[in-house]
Colleague: 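Structure incoming, see below.
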Number of protein chains: 2
Amino acid sequence: MTRAERLAALLERLVSDGKIDVEHSADHFDVSAATIRRDLDYLAEQQLLARTHGGAVPNSTSYDLPLRYKSTSRGEAKTRIAQRAVEMLWPGCTVSLNGGTTTVEVARAIPSAEPLHHGITVVTNALNIATELTVRPFIKIVVCGGVARPQSYELVGALATETLSQLTPDICFLGAIGLDPEAGITTNDEAESAINRVMVKQAKRTVVVIDSSKLGTVGFSRICHVSEVAAILTDSGADSQMVATLRSHGVEVILA
Amino acid sequence: MTRAERLAALLERLVSDGKIDVEHSADHFDVSAATIRRDLDYLAEQQLLARTHGGAVPNSTSYDLPLRYKSTSRGEAKTRIAQRAVEMLWPGCTVSLNGGTTTVEVARAIPSAEPLHHGITVVTNALNIATELTVRPFIKIVVCGGVARPQSYELVGALATETLSQLTPDICFLGAIGLDPEAGITTNDEAESAINRVMVKQAKRTVVVIDSSKLGTVGFSRICHVSEVAAILTDSGADSQMVATLRSHGVEVILA
DNA sequence: TCCCAAACGAACAGATATGAACATATCATG
DNA sequence: CATGATATGTTCATATCTGTTCGTTTGGGA
């Protein structure tokens with residue numbers, strides 16, 4: 001049994017039993033109590049449950065979100081990218097996130113417990129990110145208006161453009177479907193690319209967060225050219241030729 | 001029995017009995033009176049109840065108990081209210097929903113499969129409702145901007161007011177903490193009541209959806225007077241005296 | 001007002017849970 | 001195969017929970 005499976009099983013147990021007992025779970029999963037405690041601490045950090053002495057109980061919001069813990073493809077690469085991304089933040093900064101699996105990981109990686117990251121304001125047009133971060137303490141979450149797109153949970157349209165145009169975050173982490181030196185940064189929906197373009201334009205600094213498998217990929221609608229962003233943050237699996245090409249275009253490339 | 005379970009049970013006992021007796025509870029849970037006292041002190045510290053000599057009583061905010069402590073006993077009443085509410089909709093109509101457990105039920109009750117309810121547009125300031133409805137086919141979901149409130153998932157603030165002021169839905173289903181002929185329709189947060197007031201003002205017709213246990217209850221901040229809404233939709237458990245009083249104020253009362 | 005039983009808070013002690021530190025094992029990667 | 005990173009187990013000092021005791025306070029009745 002992998003760690004991810006155990007975490008998911010713990011959450012299922014929490015939902016079905018209403019509580020988790022450390023000793024009993026350690027016995028059931030055949031691991032030490034220390035491991036279960038570390039698991040529970042990790043889940044508590046993400047507000048998926050509340051620790052108690054001897055175990056854990058559901059927190060006030062976890063009823064609606066039992067299956068939030070899903071492992072994604074290339075999950076470990078995205079996690080590394082996300083951890084590198086949050087290192088760029090500072091107390092009191094404002095950060096914008098668009099929709100996408102990588103930006104969700106960035107949102108999850110924002111450590112609300114550490115004083116180092118207190119007072120961060122997150123602006124987003126992604127409903128799932130907003131819902132997840134709402135329960136986090138010490139994070140102010142601002143949502144733009146708009147019409148929700150079923151596939152990506154992103155808010156798009158005139159309302160979204162209008163509200164985002166009023167805000168100027170310090171840094172924008174931009175997720176995308178593809179990134180190519182020629183075709184630029186692309187997504188699959190023209191409404192999404194339109195609102196994402198506004199986010200890039202408004203932010204003082206934009207960092208593209210994208211796993212290496214998407215480098216060289218071209219989606220339907222362009223958000224912007226690579227020269228319009230400050231940096232590209234990807235994982236170490238990136239093709240070195242591609243990295244060199246991007247750097248020759250004057251874009252900073254960070255490998256996590 | 002764990003400490004967490006005992007705390008939850010104490011709060012449930014408080015809700016059902018209206019008070020807690022230290023000695024009796026110590027006997028019932030098979031712990032010492034000192035433990036019960038410490039439990040009650042802990043809960044009082046969190047403003048979940050008020051200590052008395054020999055026990056505890058609900059405090060003024062105990063209806064704001066965290067979700068995990070709330071009894072689900074009124075679930076079927078809310079379901080009936082929700083089903084009656086969606087009967088008021090028609091194909092192509094626009095409906096606004098604020099946050100709250102009852103409005104969530106209304107959102108869930110909107111049948112996206114039936115052609116009868118095709119093309120419905122839902123406007124909401126509640127993130128959880130928006131997230132849940134986003135995956136439904138044939139429903140267009142519009143979200144206002146704003147800052148997210150952790151307790152209720154509602155978007156509030158200037159951005160929310162601004163965006164909602166641009167929209168005029170056909171009907172608004174309004175959830176609330178309390179409804180009283182004199183004190184009006186109330187909630188516990190002034191920022192929420194402000195944005196809810198805008199929703200009432202913008203909608204062509206407002207229907208309050210509220211379970212009968214909240215009739216006569218008064219929260220901290222008024223959304224509007226009962227005369228400002230078109231109808232009150234509650235369950236058949238409503239006190240007949242209260243219903244008569246409300247009707248004498250010229251408000252339509254619907255019992256589901 | 002006075003009195004007293006019940007309730008309370010503080011202090012202590014035993015049992016259990018916890019966190020930190022370190023050691024070991026597993027795994028992906030070059 | 002070597003290496004670094006991550007996950008897990010073990011140990012021990014510390015923290016938390018609970019029950020008990022005891023002196024003090026509270027609230028109601030004479």
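As the structure is a prediction and not an experimental result, all values here were calculated from the model. Labels below follow one simple rule: chain letters A, B, ... track the order of the sequence lines, proteins then strands, and each chain is numbered from 1.
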Colleague: If you look at every strand shown and take non-hydrogen atoms under 4.0 Å, does Thr52(A) touch a base, only sugar-phosphate, or nothing?
Modeller: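 Contact class for Thr52(A): sugar-phosphate only.
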
Colleague: Using atom CG of Asp21(B) as one end and atom C1' of dG27(D) as the other, report the distance to the nearest whole Å.
Modeller: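 Between C1' of dG27(D) and CG of Asp21(B): 15 Å.
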
Colleague: State whether the number of non-hydrogen atoms from other residues, nucleotides or ligands found under 6.0 Å of His28(A) atom NE2 is greater than 12.
Modeller: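 Counting other residues, nucleotides and ligands, NE2 of His28(A) stays at 12 neighbours or fewer.
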
Colleague: Send over the distance from Asp235(A) CG to dT29(C) C1', rounded to a whole Å.
Modeller: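 The answer, rounded to whole Å, is 14 Å.
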
Colleague: Could you tell me how far apart Asp27(A) (CG) and dG9(D) (P) are, to the nearest whole angstrom?
Modeller: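 Between P of dG9(D) and CG of Asp27(A): 12 Å.
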
Colleague: Does OP1 or OP2 of dT18(D) have a side-chain N or O of Thr35(B) closer than 4.0 Å?
Modeller: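 Answer is no, no contact under 4.0 Å.
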
Colleague: Checking all strands, does Thr2(B) fall into the base, sugar-phosphate, or nothing category for heavy-atom contacts under 4.0 angstrom?
Modeller: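 The answer is nothing, as Thr2(B) stays clear of every strand by at least 4.0 Å.
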
Colleague: Between dT18(D), dT18(C), dG9(D), spot the one nearest the side chain of Arg3(B), thanks.
Modeller: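 Among the listed nucleotides, the one closest to the side chain of Arg3(B) is dT18(D).
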
Colleague: Of all the choices, dG9(C), dT8(D), dT18(C), which nucleotide is nearest to the side chain of Arg51(B) once you look at every atom?
Modeller: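 The answer is dG9(C), which lies nearest to the side chain.
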
Colleague: What is the separation between atom CD1 on Ile36(B) and atom P on dT20(D), rounded to the nearest whole Å?
Modeller: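 Between P of dT20(D) and CD1 of Ile36(B): 14 Å.
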
Colleague: Does the pair Leu127(A) and Leu127(B) meet the rule for a side chain to side chain contact (heavy atoms under 4.5 Å, CB included), with working shown?
Modeller: CA-CA 7 Å; Leu127(A) 283 176; Leu127(B) 283 176; 3.8 Å; yes

Colleague: dA7(C) P sits how many Å from Lys19(B) NZ, rounded?
Modeller: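 Spelled out: NZ on Lys19(B) to P on dA7(C) is 12 Å.
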
Colleague: If every non-hydrogen atom of Leu97(A) is compared with every non-hydrogen atom of Thr103(A), which pair is closest and at what distance?
Modeller: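 What the structure gives for the nearest pair is CD1-O, 4.2 Å.
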
Colleague: Any idea which of dG19(C), dA7(C), dT18(D) is nearest the Arg37(B) side chain?
Modeller: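 In terms of side-chain proximity for Arg37(B), the closest of dG19(C), dA7(C), dT18(D) is dA7(C).
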
Colleague: In this structure, which one of Thr234(A), Val229(A), Leu246(A) forms a side-chain contact (heavy atoms from CB on, under 4.5 Å) with Leu179(A)?
Modeller: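 When Thr234(A), Val229(A), Leu246(A) are each tested with Leu179(A), the side-chain contact (heavy atoms from CB on, under 4.5 Å) holds only for Leu246(A).
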
Colleague: In terms of side-chain heavy atoms, does Ser32(B) have a donor or acceptor partner in Thr35(B) at a distance below 3.5 Å?
Modeller: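 Thr35(B) and Ser32(B) do have a side-chain donor-acceptor pair below 3.5 Å.
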
Colleague: Check whether the side chain of Arg38(B) and the base of dG9(C) form a donor-acceptor pair under 3.5 Å.
Modeller: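 No, the side chain and the base share no sub-3.5 Å donor-acceptor pair.
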
Colleague: Quick check: on DNA chain C, is the nucleotide nearest Glu23(A) upstream (toward 5') of the one nearest Ser236(A), or the reverse? Name the residue that is more 5'.
Modeller: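 Looking at DNA chain C, the more 5' nearest nucleotide goes with Glu23(A).
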
Colleague: Checking contacts here: which listed nucleotide (dT18(C), dT18(D), dG19(D)) is nearest the side-chain heavy atoms of Ser32(B)?
Modeller: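 Selected nucleotide: dG19(D).
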
Colleague: Could you state the OH-C1' distance from Tyr42(B) to dT18(D), rounded to the nearest angstrom?
Modeller: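 In whole Å, dT18(D) C1' and Tyr42(B) OH are 16 Å from each other.
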
Colleague: Could you work out which one of dT16(D), dT20(D), dT10(D) sits closest to the side chain of Ala34(B)?
Modeller: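 So the nucleotide nearest the side chain must be dT20(D).
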
Colleague: Between dT26(D), dG19(C), dT18(D), which nucleotide has the shortest distance from any of its atoms to the side chain of Asp39(B)?
Modeller: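 For the Asp39(B) side chain, the nearest candidate turns out to be dT18(D).
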
Colleague: Rounded to whole angstroms, how far apart are CG on Asp41(B) and C1' on dC17(D)?
Modeller: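 Whole-Å distance recorded here is 14 Å.
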
Colleague: Report the distance from atom NE2 of His53(A) to atom C1' of dA15(C), rounded to the nearest whole Å.
Modeller: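 One finds 13 Å between C1' of dA15(C) and NE2 of His53(A), rounded.
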
